[in-house]
Protein chains: 2
Amino acid sequence: MPATPSHPSLSGASGAPESAADGVGLPVGGAPSFSPLYQQIKSLIMRELQAGVWKPGESIPSELDLAARFKVSQGTVRKAIDELAAENLLVRRQGKGTFVATHAEEQIQYRFLRLMPDEGDDRTMARRLLDVRRTRAPADVARALDIKSGDAVVQLRRVLLTPVQDPSARQQPVVFDEIWLPGQLFKGLSAERLADYKGPMYGMFETEFGVRMIRAEERIRAVPADATAAEVLALPPGTPLLSVERLSFTYGDKPVELRRGLYHTVRHHYRNELN
Amino acid sequence: MPATPSHPSLSGASGAPESAADGVGLPVGGAPSFSPLYQQIKSLIMRELQAGVWKPGESIPSELDLAARFKVSQGTVRKAIDELAAENLLVRRQGKGTFVATHAEEQIQYRFLRLMPDEGDDRTMARRLLDVRRTRAPADVARALDIKSGDAVVQLRRVLLTPVQDPSARQQPVVFDEIWLPGQLFKGLSAERLADYKGPMYGMFETEFGVRMIRAEERIRAVPADATAAEVLALPPGTPLLSVERLSFTYGDKPVELRRGLYHTVRHHYRNELN
DNA sequence: TAGTGGTCTAGACCACCAA
DNA sequence: TGGTGGTCTAGACCACTAC
């Protein structure tokens, strides 16, 4: 960041009447990319988030604070925060402040898992960790994670079972997940730490490794169960399964998790909303 | 609507300094449901959209017009329109105006069809209509469409094929759609009209029947191809297929289409983004 | 009571578009 | 040139939360 005292790199290119029209200058890149003030504020806030200045769950400075800091009006800061809140990077709480979003909260627990039971709406499932291995990335995994083929990766496999209640009834395996993580970011990850951790896995990634998922892309297909999946899910080989390939990203659109889930969709379905 | 002249049912419950604080009164329902001014404006605009005052593709009055009409400031109208634009009900075009969103445009053509080819990004597919029938609604269809079991419905089936280019190559069937529509809303729908119409089906529903889809819910599973699907898609019976059950809604969350698609996902996949 | 986000206004200027 | 949406400001008051 350029050393513009107390007013870093705001290019006053828009209809700012006068007050904020001083910090004129070309952005870091050099190319004259003029953008609205609130977009520049948004970028600055995002940079601080990415740098970890404000940690997940913590509150960020108040709108008036930020307005003073950036030498713009409250309304401009507000519009920047509005967009960040719409992107689920921040959470506003009236009377309390604005907070960095976190996966460790109950509400957002199922933001990424779209599997729903056909009857009822209890989505809680038991977890059973199968194995955790540190290996080298196969070519396709490396390509997805944007690392070099052969780089260290963590591969873990697990099963989700339902129902959770009534341990006398036999739990049915529903999801078989295979997860690939870049080894560089997840150094101390072990089966024990995973097993010990309560709460959502993405919450653990956040608090233990400082890796926060903010976005994901999924490719969904129908595939027949292979021998492994059939055994793990206790189904005949060839049973149609939902294959959900998810690539998750952190700040800066950096891919940090590749996950392939096989869902048994006889009493469950993948729910999607189109807007 | 209460007969408040030129200022229908605005309950001035919030921080309006003075100007718009006159139209005070309880909303129609009777219960004192206080909501921000911009929300009330939003509801009023939505009501006009639903009533068909402004047709899809047409422009709505300018922000200043609406502000004067509703006796609020431009900023308040702006916030209402912002939300409606975020919900894809309106489309803003700088310098031109604000327009009622329509499915008849190229850009939004694939808002609901999430199927993508694994290679390339040409999503165009050829359509082949199999049959159109007017029958009575089975129980499950009636329940989904919120009509009475036995009410008139239109059932139509079709196939989507790829690729479109190079007619010398044999086109491969990829999607087998079965669509149910309430007969009451789609009176003159026939195979001929469907075959004749160029452009997206939802565009036709809009211009020919005044039914605009604004939202949909999908339930996705993996199922084995039954005899019919196997024949239509030219696949062995039992082949895993993606079953996509879509329920589409118009204004007022009224369900108006039930669609079950069976997708062959060997060279295609269903793409989803999680935010 | 003080501080936070939430709403609303009034007025200014800019960017874009069409006539 | 005039009209439209887009940005920005300054200041007011409200609703909620904590002390």
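These numbers come from a predicted model, not from an experiment. Just so it is clear: chains get the letters A, B, ... in the order the sequence lines come, proteins before strands, and each one is counted from 1.
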Without decimals, in angstroms, what is the distance between [X] [atom1] and [N] [atom2]?
X	N	atom1	atom2	result
B/Ile60	D/dG5	CD1	P	8 Å
A/Arg92	D/dC16	CZ	P	16 Å
A/Leu90	C/dT4	CG	P	16 Å
A/Gln39	C/dC14	CD	C1'	16 Å
A/Phe99	D/dC16	CZ	C1'	13 Å
B/Lys71	C/dA10	NZ	C1'	18 Å

Checklist entry - Can you name the residues that form a side-chain hydrogen bond (donor to acceptor under 3.5 Å, both in side chains) with A/Glu245, not counting sequence neighbours? => result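 Partners of A/Glu245 by the side-chain hydrogen bond (donor to acceptor under 3.5 Å, both in side chains) criterion come out as none, since no residue qualifies.
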Next on the checklist: Suppose we call two aromatic rings close when their centres sit under 6.0 Å apart. Are A/His103 and A/Phe112 close by that rule?
Outcome noted: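 Ring centres of A/Phe112 and A/His103 closer than 6.0 Å.
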Checklist entry - What are the residues of residues 74-89 of chain B, sorted by number, that bring a heavy atom to within less than 4.0 Å of DNA chain C? => result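 Listed by number, they are B/Thr76, B/Lys79.
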Next on the checklist: Using the rule given for side-chain hydrogen bond (donor to acceptor under 3.5 Å, both in side chains), can you reason through A/Asp82 versus A/Tyr38, listing the C-alpha separation, both sets of side-chain angles and the distance that settles it, and then say yes or no?
Outcome noted: CA-CA 10 Å; A/Asp82 275 346; A/Tyr38 75 87; over 6 Å; no
Checklist entry - Nearest to the side chain of A/Ser73 - C/dT9, D/dA10, D/dG6? => result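 Of C/dT9, D/dA10, D/dG6, D/dA10 is nearest to the side chain of A/Ser73.
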Not counting sequence neighbours, which residues clear side chain to side chain contact (heavy atoms under 4.5 Å, CB included) with [X]? List them please.
X	value
B/Ser43	none
A/Ser62	A/Leu64, A/Asp65
A/Glu119	none

Checklist entry - Can you tell me if A/Arg111 uses its side chain to pair, donor with acceptor, with the backbone of B/Asn275 under 3.5 Å? => result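 Checked: pair present.
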Item to check | Donor-acceptor pair, side chain of B/Lys55 and main chain of B/Gly52, under 3.5 angstrom | outcome: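 Yes, the answer is positive, given that a donor and an acceptor are paired below the 3.5 Å cut-off.
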Polar atoms only, N or O, under 3.5 Å: list the protein pairs with nucleotides 2-4 of chain D and their distances.
unit_1 : atom_1 : unit_2  : atom_2 : d
D/dG3  : N2     : B/Gly95 : O      : 2.9
D/dT4  : O2     : B/Gly95 : N      : 3.3

